[in-house]
Amino acid sequence: MASSRVFLSEQQIQQRIAEMGEQISHDYPDGPLYLIAILKGAFMFLADLTRAIKTPTRIEFMGISSYGKGKTSSGEVKVTKDLDVSIEGNNVLVVEDIVDSGVTLSYLLNVLEQRKPKSIRIATLLDKPERRLRPVDVAYVGFQIPDEFVVGYGLDYAEDYRNLRDICVLEQSVVAP
Ligand code: PRP
């Protein structure tokens, strides 16, 4: 892959996920803990995070689409794949690869809170606080990162690079025509 550099290595990612798993296991001594991963980017983080958590987990997926990648605070969001189960009365952890504007999560939390979970929190591997348009309370953050375009470990650029083991920065000449 041309014009990229490793930003977070596989080893750094795995080390941090192990720490996050310890913390989450401590915070939720009793299962089941429902992990809801947001497709597609979170699939790889979910796979590693669930194995780092000692508490019994259940795995669910949701699909969200947002119109226009130049998201604004009024960005429209809709659910394209809903949960297959009720989360009423259960502890829920929403699993994201990255929180950027916060538009996706603020919408999604609103949807999920209406379903009366016992508790709901967010775990994200990456957080770009500089880009926030909507406030989102994120309980578990892997890495706070600057506003750089990152790919790999589930994150894509035009659907490419999701299978990289490291998280890499794509140089501007690749991202912007
Ligand atoms: C990414 C990421 C989050 C969302 C965060 O998904 O996985 O769901 O954007 O951005 P926000 O905080 O600005 O709302 P994306 O729309 O790229 O879809 P993908 O996971 O399928 O790649």
Side-chain angles (χ1 to χ4, degrees), residues 1 4 7-8 10 12-14 16-17 20 24 34-50 52 57 59-84 87 92-115 117 120-172 174-177:
M1 183 171 89
S4 74
F7 182 70
L8 293 167
E10 177 179 15
Q12 286 174 294
I13 295 166
Q14 295 303 328
R16 185 70 188 112
I17 292 173
M20 294 175 83
I24 292 166
Y34 280 71
L35 301 183
I36 300 180
I38 310 308
L39 296 169
K40 300 175 189 170
F43 78 98
M44 207 173 283
F45 178 44
L46 172 77
D48 286 333
L49 186 66
T50 190
T57 59
I59 303 303
E60 297 293 331
F61 294 94
M62 283 186 85
I64 304 285
S65 78
S66 38
Y67 297 103
K69 289 308 289 179
K71 291 175 193 166
T72 66
S73 57
S74 60
E76 289 178 71
V77 181
K78 80 171 181 182
V79 174
T80 55
K81 187 222 172 295
D82 208 335
L83 297 175
D84 300 321
I87 54 168
V92 170
L93 196 56
V94 176
V95 178
E96 265 290 21
D97 50 335
I98 187 164
V99 183
D100 191 344
S101 69
V103 169
T104 305
L105 275 179
S106 62
Y107 170 83
L108 189 65
L109 282 188
N110 194 35
V111 168
L112 292 177
E113 273 162 4
Q114 290 168 28
R115 300 180 186 183
I120 185 161
R121 286 182 180 166
I122 297 164
T124 188
L125 182 62
L126 304 177
D127 183 18
K128 276 188 188 173
E130 283 173 48
R131 299 257 306 171
R132 203 73 95 245
L133 296 172
R134 300 264 181 90
V136 187
D137 185 11
V138 185
Y140 305 100
V141 175
F143 302 93
Q144 282 201 344
I145 65 169
D147 186 14
E148 301 233 49
F149 198 94
V150 286
V151 297
Y153 195 73
L155 291 115
D156 73 311
Y157 172 61
E159 297 299 326
D160 287 333
Y161 310 121
R162 292 194 198 272
N163 61 327
L164 300 180
R165 290 172 174 272
D166 304 314
I167 291 176
C168 299
V169 170
L170 274 195
E171 300 304 344
Q172 208 57 31
V174 176
V175 177

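Atoms within a ligand are numbered from 1 in the order they appear, just like the ligands themselves.
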Novice: Check Met62 against ligand 1 and report side chain, backbone, both or neither, counting heavy atoms closer than 4.0 Å.
Specialist: neither

Novice: My understanding is that only residues two or more places apart in sequence, or in another chain, count here; which of them pass side chain to side chain donor-acceptor pair (under 3.5 Å) with Gln114?
Specialist: none

Novice: Run the numbers for me: atoms of ligand 1, each under 4.0 Å from some heavy atom of Asp97, listed by number.
Specialist: 2 (C), 7 (O)

Novice: Would you say the side-chain atoms of Ser106 pair up with the backbone N or O of Gly102, donor to acceptor, closer than 3.5 Å?
Specialist: yes

Novice: Below 3.5 Å, N or O to N or O, backbone or side chain included: is there any such pair between Gly102 and ligand 1?
Specialist: yes

Novice: In ligand 1, which numbered atoms sit nearer than 4.0 Å to a non-hydrogen atom of Leu39?
Specialist: 20 (O), 21 (O)

Novice: In terms of atom number and element, which parts of ligand 1 are under 4.0 angstrom from non-hydrogen atoms of Ser101?
Specialist: 11 (P), 12 (O), 13 (O), 14 (O)

Novice: Checking Thr80 side chain against Gly63 main chain: does a donor-acceptor pair fall under 3.5 Å?
Specialist: yes

Novice: Taking the side chain from Asp156 and the backbone from Tyr161, do they hold a donor-acceptor pair closer than 3.5 Å?
Specialist: no

Novice: May I ask you to list the atoms of ligand 1 that are less than 4.0 angstrom from any heavy atom of Glu96?
Specialist: 2 (C), 3 (C), 7 (O), 8 (O)

Novice: Report yes or no: do Asp97 and Tyr153 form a side-chain donor-acceptor pair below 3.5 Å?
Specialist: no

Novice: Let me check something: any side-chain donor-acceptor pairs from residues 139-151 under 3.5 Å, sequence neighbours excluded? List them with distances.
Specialist:
| residue | atom | partner | partner atom | Å |
| --- | --- | --- | --- | --- |
| Tyr140 | OH | Asp27 | OD2 | 2.6 |
| Tyr140 | OH | Arg121 | NH1 | 2.9 |
| Glu148 | OE1 | Arg5 | NH2 | 3.4 |
| Glu148 | OE2 | Arg5 | NH2 | 3.1 |

Novice: Against heavy atoms of Ile98, which atoms of ligand 1 measure under 4.0 Å?
Specialist: 2 (C), 3 (C), 5 (C)

Novice: Would you mind running through ligand 1 and noting each atom that sits below 4.0 Å from a heavy atom of Asp156?
Specialist: 22 (O)

Novice: Give a yes/no verdict on whether any heavy atom in Arg131 is under 4.0 Å from an atom of ligand 1.
Specialist: no

Novice: Does the N or O separation between Gly41 and ligand 1 drop below 3.5 Å for any pair?
Specialist: yes

Novice: Might you confirm whether atom CZ of Arg165 has over 12 heavy atoms from other residues, nucleotides or ligands at distances under 6.0 Å?
Specialist: no

